[in-house]
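In what follows, a single structure is set out as structure tokens and then discussed.
Predicted model, so just to flag it, every value in this text is computed and none were measured.
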Amino acid sequence: MLRLLIQLLSFVTGQRLLTPEQAKKQQLELEDLRSKQLALEALSNKLRGEMKRQQAVTREALKSRQGRYEKAIAAKQSEIHSLNETLRQLSHSVDFETQRQMKENTDLLAQLNWLSGAIAHDFRAPLRAIDAYSFFLADDLGDKVPPEAEKSLEEIRRNGKRMGVLLDALIEYLRLGVCPLNIQSHDLGEILTQVINEHFDFSPVPIEVKVQGQWRFDKALMMRTFRELIDNAIKFSRDAESPKIIIRQSSPNCLEIIDNGVGFSDEYKAQKFQLFHRMHGNDEFEGEGIGLATAERIASRHHIALRLNRVGSQTVASLQLPENSNT
């Protein structure tokens with residue numbers, strides 16, 4: 001009956017009227033919604049608080065990291081500045097040392113030129129006089145020259161000429177120590193082949209070349225080094241049974257010239273690269289003790305180690321580039 005009355009009133013008024021049960025149910029739903037809304041607002045406030053806290057932590061971490069980065073950058077900048085200053089000082093020192101060495105080389109070349117002139121005129125004049133007067137004496141005596149005296153006069157002239165050769169070698173040896181170097185990269189096999197073709201085309205000893213790769217050196221000077229070492233190998237191996245010379249590389253930075261000649265005695269080991277030192281008598285092999293000294297002089301200008309060793313029945317002349325060399 002109550003429900004019917006409510007429906008009638010709803011029809012008359014045009015508004016929806018609720019029964020007490022419906023009103024109570026709707027009230028409970030509204031209260032539940034308000035409770036959920038409050039919980040949602042509390043959760044939202046909590047999330048906002050947590051976000052603010054996380055933002056504060058992040059800002060602090062970023063600030064701390066930025067501080068560390070700024071300190072690291074400052075330290076690196078200070079290190080770079082210090083390195084630049086060190087580099088500037090080193091450059092200044094290198095420039096100063098280069099200028100000093102250039103001045104020393106210029107002074108040495110001037111002294112060498114003076115010495116060359118002195119030898120060419122002052123030193124050679126007595127030698128020319130000795131040779132000329134010995135010739136005049138032999139001509140004046142004619143057929144009356146005793147055999148022993150004639151032999152002595154020939155010996156005087158021979159030693160005078162030898163002295164001239166030694167003086168030339170001394171000047172050249174000194175020049176090799178101060179002359180400027182034109183360092184370039186060269187094909188090692190091609191250079192050795194060129195040396196053999198130009199100087200040993202008719203060698204009595206067969207020469208086998210097993211070389212490849214690029215080395216950096218002054219072409220003219222190192223060609224002379226190769227020529228002196230090959231000539232040395234030919235001279236001491238040509239009388240051997242089945243003589244042979246092998247030019248090979250034990251490594252990309254080490255060149256070996258090997259012969260099966262007579263070699264040398266260990267008693268001369270310390271003097272083998274000394275100028276005018278001979279490891280064999282004049283009656284055994286020709287030469288003035290100039291070739292090996294010249295080769296070693298040129299090699300040392302290139303910071304190349306020249307070694308001469310006896311290995312079994314073979315003599316090995318090795319040229320070793322420095323470890324930090326770029327071939």
For a side chain to side chain contact (heavy atoms under 4.5 Å, CB included) check, start with the C-alpha distance between Leu306 and Leu229, then their side-chain angles and the critical distance, and finish with the verdict. CA-CA 10 Å; Leu306 172 58; Leu229 294 176; 4.0 Å; yes
What are the two closest heavy atoms between Leu176 and Leu221, and how far apart are they? CD2-CD2, 3.6 Å
Could you measure the distance from the CZ atom of Arg34 to the CG atom of Leu40? Nearest 0.5 Å is fine. 15.5 Å
Salt bridge or not between Arg157 and Glu154? Use side-chain N to carboxylate O under 4.0 Å. no
For atom CZ of Arg65, decide whether the heavy atoms of other residues, nucleotides or ligands shown that lie under 6.0 angstrom number more than 12. no
Between the NZ atom in Lys219 and the CD1 atom in Ile191, the distance rounded to the nearest 0.5 Å is 4.5 Å
Are any of the side-chain nitrogens in Lys52 or Glu50 under 4.0 Å away from the carboxylate oxygens of its partner? no
Does Ser300 use its side chain to pair, donor to acceptor, with the backbone of Glu296 at less than 3.5 Å? yes
Verify, without hydrogens or angle tests, whether Trp215 (side chain) and Asn253 (backbone) share a donor-acceptor contact under 3.5 angstrom. no
Please confirm whether the backbone N or O of Ser313 pairs with a side-chain atom of Arg310, one donor and one acceptor, at under 3.5 Å? yes
I'd like to know if the side chain of Ser185 pairs up with that of Arg216 as donor and acceptor (distance under 3.5 Å, no hydrogens or angles considered). no
Going only through I, L, V, M, F, W and Y residues with side-chain contacts under 4.5 Å, is there a path from Leu192 to Leu319? yes
Side-chain (Ser35) to main-chain (Glu31) donor-acceptor, under 3.5 angstrom: no
Could you measure the distance from the NZ atom of Lys161 to the CG atom of Leu166? Nearest 0.5 Å is fine. 14.5 Å
Run the numbers on Ile207 and Ile234 for side chain to side chain contact (heavy atoms under 4.5 Å, CB included), then give the verdict. CA-CA 9 Å; Ile207 303 173; Ile234 292 173; 4.1 Å; yes
Please check if the number of heavy atoms outside Glu155 that lie under 6.0 Å from its CD is greater than 12. yes
Taking all non-hydrogen atoms of both residues, which atom of Lys244 and which atom of Asn260 are closest, and how far apart? N-OD1, 3.2 Å
Cys254 side chain reached by Gln320 side chain, heavy atoms, under 4.5 Å: yes
Residues forming a side chain to side chain donor-acceptor pair (under 3.5 Å) with Glu70, sequence neighbours excluded: Gln66
Examine Val209 and Ile258 and state if one hydrophobic cluster contains both, with Ile, Leu, Val, Met, Phe, Trp and Tyr joined whenever side-chain heavy atoms are less than 4.5 Å apart. no
Glu60/Lys63 salt bridge by N-O under 4.0 Å criterion: no
Ring pair (Phe, Tyr, Trp, His ring centres under 6.0 Å) partners for His302, two or more places apart: none
Would a hydrophobic clustering, with Ile, Leu, Val, Met, Phe, Trp and Tyr connected at side-chain separations under 4.5 Å, put Val316 with Val205? no
Within a strict 4.5 Å, meaning less than it, do heavy atoms of the Leu308 and Leu292 side chains meet? yes
Minimum heavy-atom separation for Leu181 and Arg301, please, with both atom names. CG-NH2, 3.5 Å
Who are the ring pair (Phe, Tyr, Trp, His ring centres under 6.0 Å) partners of Phe217, not counting sequence neighbours? His186
Can a side-chain donor-acceptor contact be found between Arg48 and Asn45 if the only test is distance below 3.5 angstrom? yes
Atom pair CG (Asp259) and CG (Asn232), whose distance is rounded to the nearest 0.5 Å: 8.0 Å
For Glu79 and Lys76, run side chain to side chain contact (heavy atoms under 4.5 Å, CB included): C-alpha distance rounded to whole Å, both residues' side-chain angles, the deciding distance at 0.1 Å, then the answer. CA-CA 5 Å; Glu79 183 179 353; Lys76 289 296 182 182; 3.8 Å; yes
For Arg248, give me all partners under side chain to side chain donor-acceptor pair (under 3.5 Å), at least two apart in sequence or on another chain. Glu256
Spatial distance of atom CG (Asp187) from atom CD (Gln214) [nearest 0.5 Å]: 5.0 Å
From CA spacing to verdict: side chain to side chain contact (heavy atoms under 4.5 Å, CB included), Asp218, Ile298: CA-CA 9 Å; Asp218 183 294; Ile298 296 172; over 6 Å; no
Applying side chain to side chain donor-acceptor pair (under 3.5 Å), name anything that partners Glu190, two or more places apart in sequence or on another chain. none
Would you mind reporting whether Ile230 and His199 have side-chain heavy atoms less than 4.5 Å apart? no
The criterion is side chain to side chain donor-acceptor pair (under 3.5 Å); which residues satisfy it with Ser251, sequence neighbours excluded? none
Check: Ser82 side chain, Ser78 main-chain N or O, donor-acceptor pair, under 3.5 Å: no
Can you tell if the side chain of Asp231 reaches within under 4.5 Å of the side chain of Phe200, non-hydrogen atoms only? yes
Please check this pair: side chain of Ser237 against backbone of Ala233, looking for a donor-acceptor N/O pair closer than 3.5 Å. yes
Applying salt bridge (charged side-chain N to carboxylate O under 4.0 Å, His left out) to Arg224 and Glu228, what does each step give before you reach the verdict? CA-CA 6 Å; Arg224 181 165 179 183; Glu228 296 290 358; 3.7 Å; yes
Begin with the C-alpha distance, continue with both residues' side-chain angles, and end with the deciding distance and a verdict on side chain to side chain donor-acceptor pair (under 3.5 Å) for Asp95 and Gln99. CA-CA 6 Å; Asp95 290 340; Gln99 292 176 3; over 6 Å; no
Linking I/L/V/M/F/W/Y whenever their side-chain heavy atoms sit closer than 4.5 Å, directly or via other members, would Leu188 and Ile246 fall into one cluster? no
Say you draw a straight line from NZ of Lys46 to OG of Ser44; how long is it, rounded to the nearest 0.5 Å? 12.5 Å
So does Val311 get a backbone contact from the side chain of Asn309, meaning a donor-acceptor N/O pair under 3.5 Å? no
